[in-house]
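Please read the structure below before turning to the comments.
Side chains included, hydrogens not; waters and symmetry mates left out as well; all remaining heavy atoms used.
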Amino acid sequence: MAEIELEYLGTTAAAAPPKPLGPKRARRLGFSYLLPLVIPLVLLVLWELLSRRGLVRPTILPAPSAIGATARELVASGELIHHLLVSLWRVTKGVTLGAGFGLVAGLVVGLNPWAERAVSLITGVLRPIPIIAWVPVLILWMGIDEGSKITVIAIGSFWPVLLNVVHGIRNTDRKILEVAKVFQKSRATLLFKVVLPAALPSIFTGMRIGIGIAWMSVVGAELIAASAGVGYLIMYARELSQADVMLVGVVSIGVTGLAIDFLIRRLERRLLRWNANLQ
Amino acid sequence: MQTEEGKSLVIDRLDKQFSVASDVVQALSEVSLVARPGEFISIVGASGCGKSTLLRIVAGLETATAGEVRLGERPIRNPGLERGMVFQEARLLPWMTVWDNIAFGCRAETPNAERRELVEQHLELVGLKGFEKAYPHQLSGGMQQRVSIARALMNRPEVLLLDEPFGALDAMTRITMQQEVLRIWETERTTMILVTHDIDEAIYLGDRVVVMSSRPGTIRRVVPVPLPRPRDRSAYEFVQIRKEIYAEFFEDVQRPFAYAI
Ligand SMILES: Nc1ncnc2c1ncn2[C@@H]1O[C@H](COP(=O)(O)OP(=O)(O)OP(=O)(O)O)[C@@H](O)[C@H]1O
Ligand SMILES: [Mg+2]
């Protein structure tokens with residue numbers, strides 16, 4: 001009986017050894033990793049062929065091989081990495097600020113229904129404003145250096161974190177709240193052992209969306225006013241009509257965004273091991 | 001009725017109405033029952049007759065429309081640690097391991113060493129040694145329910161309310177758990193109120209079996225079980241009592257409107 005029951009523990013039980021990679025399983029795994037690559041590869045080959053035949057003008061859309069060569073150059077010279085790091089550092093600062101405030105505000109609003117009513121009108125008006133609309137305003141207020149860009153990012157990541165924290169807290173299973181009531185748990189226990197863990201998946205969702213938006217808004221802010229960063233790299237390349245550099249910049253934004261999302265998901269899966277939906 | 005051993009649980013003419021859409025559902029009507037300190041009461045009744053509602057009012061999770069519940073002299077209005085509850089569903093905290101879920105039943109002031117020992121003891125009691133690090137989603141329904149039982153037993157309440165606690169268990173585990181509950185009841189003299197669908201279980205465990213009928217939920221009969229423990233499920237007297245209780249249900253079925261459902 002004990003052995004049958006251990007089956008339920010799956011991979012987390014120390015007793016269950018990892019399954020050896022049989023040929024069938026390996027093939028299936030390989031297939032699931034390769035599948036997302038098929039369509040991009042086909043497109044790239046097509047694009048390359050069209051470029052070689054001279055059907056696409058290289059000053060507008062360089063061939064993938066040319067873009068690849070430029071990318072290698074920019075990486076080797078450290079230029080691309082430098083701009084990416086500048087942007088990432090801005091995102092880090094902005095997200096810390098925005099997500100931090102979002103978390104605190106979300107807790108206050110989520111735990112006090114009156115607080116939600118009190119701020120409902122303000123949030124209702126502020127929330128739909130696109131981040132890019134803030135950029136000129138913030139430049140007027142704070143100048144064109146770091147402050148305005150970081151504030152833009154902070155605003156961008158604030159809302160999704162706020163909304164998801166409130167949502168997570170509100171959606172705490174009433175049945176589990178009743179259990180806490182029956183066992184007469186203190187307010188602190190209720191908050192830290194019940195409400196926050198219950199809201200954690202939602203908080204993570206908010207963080208993921210927030211960081212995604214932050215990454216998009218930093219590039220937006222840099223396009224308008226900056227002397228470093230990926231956005232600046234793209235703008236500057238446009239002035240010099242370097243389509244290949246521009247495209248390297250654009251693609252690197254996407255790749256970095258994907259990498260960030262991947263890392264957050266990894267962290268999420270680690271911290272939310274209890275969540276059957278993630279397994 | 002405050003004696004030295006404990007307090008009676010007095011359920012005094014409870015009424016409970018729910019409003020569903022624009023309708024009013026009479027879940028309980030004029031339900032009265034007195035559980036002596038240390039008494040074991042089983043409640044049986046058709047699905048939807050208000051058993052869970054009754055337990056929830058006693059637990060202090062629901063307020064009655066009329067009437068009241070008292071423990072000793074004190075009216076019950078809120079949950080309290082002197083009343084424990086095993087819910088119909090396991091209701092474990094999904095982010096806590098089995099160990100932490102059981103420890104959740106502990107009083108806040110219990111020192112750590114004692115807490116560890118208690119959890120250890122209760123893990124063993126419900127047969128889940130070796131699973132302390134598992135999360136609820138890694139357990140079967142019956143295992144989850146056993147964790148929930150262990151959690152409720154942790155702080156040894158005066159009154160333990162059990163809402164179909166063994167529903168999800170297999171026959172063997174069920175009998176073991178019944179015996180464990182009896183053992184705990186005998187050593188701790190807890191007042192037990194057990195809701196069950198299993199008439200045998202009701203008779204095996206209870207000093208009295210309360211038969212409820214539905215719409216509105218009322219107490220139809222209270223059948224005493226004057227048999228010494230441990231009880232033999234196939235003894236003549238046991239079977240007689242079972243027949244008596246079955247008869248109550250049968251009457252229900254033979255009423256014409258019951259066919260209409
Ligand atoms: N929160 C609620 N809102 C509205 N109606 C409710 C609520 N809780 C219970 N009821 C109604 O009260 C009646 C009794 O429900 P209850 O859960 O007490 O039944 P039960 O005897 O425990 O049934 P079961 O054996 O299926 O668990 C049902 O008709 C149900 O629809
Ligand atoms: Mg019920």
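- With a 6.0 Å cutoff to the six-membered ring centre and a 45° limit on the axis angle, Arg189(B) counts as a cation-pi contact of Trp185(B).
- Cation-pi geometry between Arg265(A) and Phe262(A) is not met: the NZ or CZ atom fails to fall both under 6.0 Å from the ring centre and inside 45° of the normal.
- At a 4.5 Å heavy-atom cutoff, the contact between Lys193(A) and chain B is made by backbone and side-chain atoms alike.
- Side chains of Asp198(B) and Phe166(B) form no contact here, defined as non-hydrogen atoms less than 4.5 Å apart.
- If you measure heavy-atom distances from Asn78(B) to chain A, you find no contacts under 4.5 Å at all.
- Taking Cys106(B), Ala152(B), Gly105(B) one by one and counting their heavy-atom pairs under 4.5 Å with chain A, the maximum is reached by Gly105(B).
- Both tests do not hold together for Lys181(A) against Phe183(A): distance to the six-membered ring centre under 6.0 Å, angle to the ring axis within 45°.
- Top candidate by heavy-atom pairs under 4.5 Å with chain B, chosen from Val179(A), Thr189(A), Leu200(A), is Val179(A).
- Contact tally against chain A (heavy-atom pairs below 4.5 Å) for Arg56(B), Arg91(B), Met85(B): the top residue is Arg91(B).
- For a residue to count as touching a neighbouring chain, one of its non-hydrogen atoms must lie under 4.5 Å from one of that chain's; by this rule Phe87(B) touches chain A with the side chain only.
- Judged by the 6.0 Å distance and 45° axis criteria, Arg273(A) is not positioned over the aromatic ring of Tyr135(B).
- In this structure, the side chains of Ile203(A) and Asn164(A) stay at 4.5 Å or more apart for every pair of heavy atoms.
- Contact of Arg151(B) with chain A is made through backbone and side chain together, with heavy-atom distances under 4.5 Å.
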